[in-house]
Amino acid sequence: MKFNNDMLRLYAVTDRHWTGEQTLYEQVRDVLMGGATCLQLREKDLDEASFYEEAKNIKELCRLFDVPFIINDNVMLAKKIDADGVHVGQDDMACVKAREILGPDKIIGVSAHTIEEARIAKEQGADYLGVGAIFPTSSKDDAEVLGIKRLKEMTETEDLPMVAIGGISYDNCLLLKDTGIDGIAVISALFGQKNIKQATIDLKKRVDALYETMHTCLTIAGSDSSGGAGIQADLKTMLANKVFGMSAITALTAQNTTGVTDIMDVTPKFLESQIRAVFDDIYPEAVKIGMVSSKALIHTIVEMLKHYDAKHIVVDPVMVATSGAKLISDEAISTLKEELLPIAEVITPNIPETEVLTDMEVKTVEDMEIAAKKIYDTYHCAVLVKGGHQLNDANDYLYNGEKGTWFKGHRIDNSNTHGTGCTLSSAIASNLAKGYTLEESVKNAKTYLSGAIGAMLDLGQGSSPMDHGYNI
């Protein structure tokens with residue numbers, strides 16, 4: 001198994017002292033089911049034959065979960081059972097000797113307490129370091145406590161991957177944020193818990209939080225005073241998809257679940273000022289564009305996005321209602337087609353909008369595929385044709401110029417779907433901001449949308465909005 005830094009994220013170290021009512025094998029199974037990323041088998045008291053049999057069984061268990069299996073200290077046993085690697089302490093076999101015995105492809109970790117020990121381990125070919133004890137620990141009463149400051153000094157001085165160990169628990173692991181470590185190694189925080197699987201799940205989530213980066217996304221759209229669509233839906237969707245949402249408002253609307261009663265466009269100058277304010281301070285990793293009603297506003301958006309070299313532009317080309325009625329002027333539609341769509345990464349038209357963009361009727365799934373290719377050939381952007389409005393049970397077709405992909409959905413018996421287009425496109429943009437591919441982003445977005453609709457929120461006297469926060 002080839003080493004990579006992610007293996008160190010949640011590094012579980014066994015301790016027979018905690019077996020209790022379960023066997024060690026059962027405990028390891030629960031830890032692996034809970035999401036541990038590496039398993040180190042540590043035995044201080046077993047005889048060689050028993051250690052060998054136990055190691056063989058646990059190695060096979062690790063294979064089932066595709067998790068690296070590391071033997072503590074015993075290099076010869078690691079070689080004998082073909083373990084993925086070994087971890088050696090300062091008083092054990094030297095790393096360079098272990099490498100000679102195990103060969104170049106096995107994983108070798110070394111315990112280090114000082115920068116000098118880390119330097120030597122690196123020179124001798126170690127793959128990673130176990131650094132600690134970070135906090136006081138019952139596993140080694142005589143262990144020197146390094147503390148966070150010395151840990152950080154080591155990560156800043158040596159570039160070898162490091163896993164922190166010693167006294168780390170669910171309660172204190174977030175103190176290790178920004179220390180530069182690649183993961184934590186724990187014993188009692190997992191094996192000493194009553195429900196080992198759940199403890200592992202909980203700790204894995206906690207550790208993942210150490211590495212979370214808040215991604216950013218901008219929505220350029222109109223305001224919906226009732227909160228179900230537009231900017232409000234976009235920002236809720238972004239929050240639920242764990243990105244930081246920002247907005248540039250194109251229009252103010254007076255609306256509720258029964259309809260729109262008034263609308264006021266912002267000026268192109270004010271829209272430009274909003275977009276500049278966002279990009280000049282917090283650069284968005286993706287941009288979602290919703291309804292823009294005028295030629296001048298569309299032109300301003302295009303000019304600004306080109307100026308700032310905006311990435312991952314998702315356009316929900318709001319032009320035509322599902323009834324077929326036009327929502328923006330012919331002049332605005334022409335500008336959208338000529339200027340905005342060609343700079344998009346992906347657009348998300350419904351069936352009526354697809355017909356406007358292709359000048360063809362779309363009545364069948366075959367028509368959807370033909371129309372998608374025609375849109376790509378015309379505007380040179382990927383297109384997700386949404387079939388949920390009229391043709392099928394929420395099956396959408398993505399075409400990116402190289403291949404087409406169907407995303408199957410199931411129709412949810414809920415007529416309260418106000419803001420579905422805004423929500424889907426914002427969820428796609430959110431996922432693109434987080435680094436997912438376009439296909440992955442569409443898949444994740446559709447899953448989120450189904451959950452929001454399926455929560456069956458029912459507010460107002462008309463078409464209710466969805467529950468954007470169903471998963472929070």
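For reference, positions follow the sequence shown, starting with 1. Just so it is clear, the structure is predicted and the values come from calculations on it, not from any experiment.
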Original post:
Between F279 and Y283, how do the two ring planes meet: parallel, tilted or perpendicular, split at 30° and 60°?
Top reply: perpendicular
Original post:
Between Y211 and R9, is there a cation-pi geometry (under 6.0 Å to ring centre, at most 45° from the normal)?
Top reply: yes
Subject >> N-O pairing of E158 and R119 below 4.0 Å >> reply: no
**OP:** Please determine, by modelled atom types, if D30 and Q198 share a side-chain donor-acceptor pair under 3.5 angstrom.
**Re:** no
Original post:
Around K59, counting heavy atoms of other residues, nucleotides and ligands shown, do more than 12 lie under 6.0 Å from its NZ?
Top reply: yes
**OP:** Determine whether the side chains of N444 and E440 contain a donor N or O and an acceptor N or O closer than 3.5 Å.
**Re:** no
Original post:
Does the side chain of N241 come under 3.5 Å of the side chain of S430 through a donor N or O and an acceptor N or O?
Top reply: no
Subject >> Residue K242 excluded, over 12 heavy atoms near NZ under 6.0 Å >> reply: no
Original post:
Between D208 and K204, is a salt bridge (Lys or Arg N to Asp or Glu O under 4.0 Å) present by the stated rule, with each step listed?
Top reply: CA-CA 6 Å; D208 286 342; K204 179 62 163 56; 3.0 Å; yes
**OP:** Without swapping roles, check the side chain of D127 against the backbone of I108 for a donor-acceptor pair under 3.5 Å.
**Re:** yes
**OP:** Identify whether NZ of Lys or CZ of Arg in K80 sits under 6.0 Å from the centre of the six-membered ring of Y52 and within 45° of that ring's axis.
**Re:** yes
Original post:
With under 30° as parallel and over 60° as perpendicular, where do the rings of H87 and Y11 fit, or are they tilted in between?
Top reply: perpendicular
Subject >> Candidate list K106, R63, K79, K2, test salt bridge (charged side-chain N to carboxylate O under 4.0 Å, His left out), partner D84, passing option >> reply: R63
Original post:
Are K288 and S425 close enough that a side-chain donor and a side-chain acceptor fall under 3.5 Å?
Top reply: yes
**OP:** Could you tell me whether a side-chain N or O of S50 sits under 3.5 Å from a main-chain N or O of L46, the two making a donor and an acceptor?
**Re:** no
Original post:
When you look at CG of D91, are more than 12 heavy atoms from neighbouring residues, nucleotides or ligands closer to it than 6.0 Å?
Top reply: no
Subject >> Matching residue for L384 among V314, L438, I428, T405 - test: side-chain contact (heavy atoms from CB on, under 4.5 Å) >> reply: I428
**OP:** Check whether the side chains of D280 and Y308 place a donor and an acceptor atom closer than 3.5 Å, and report yes or no.
**Re:** yes
Original post:
Pick one: which of Q27, R42, K44 meets side chain to side chain donor-acceptor pair (under 3.5 Å) with D15?
Top reply: R42
Original post:
Does K311 NZ have over 12 foreign heavy atoms under 6.0 Å away?
Top reply: yes
Original post:
How about E366 and T364: does a side-chain donor come under 3.5 Å of a side-chain acceptor?
Top reply: yes
Original post:
Between T219 and D234, is any side-chain donor less than 3.5 angstrom from a side-chain acceptor?
Top reply: yes
Subject >> Q232-D224 side chain donor-acceptor pair, cut-off 3.5 Å >> reply: no
Original post:
Is the Y470 to Y448 ring centre distance short of 6.0 Å?
Top reply: yes
Original post:
Hey, are E369 and W406 close enough side-chain-wise for a donor-acceptor pair under 3.5 Å?
Top reply: yes
Original post:
Counting only heavy atoms not in E123, do more than 12 sit closer than 6.0 Å to its CD atom?
Top reply: yes
Original post:
Hey, is NZ on K205 packed in by over 12 heavy atoms from elsewhere, all under 6.0 Å?
Top reply: no
**OP:** Please indicate whether F51 has more than 12 foreign heavy atoms, meaning atoms of other residues, nucleotides or ligands, lying under 6.0 Å from its CZ.
**Re:** yes
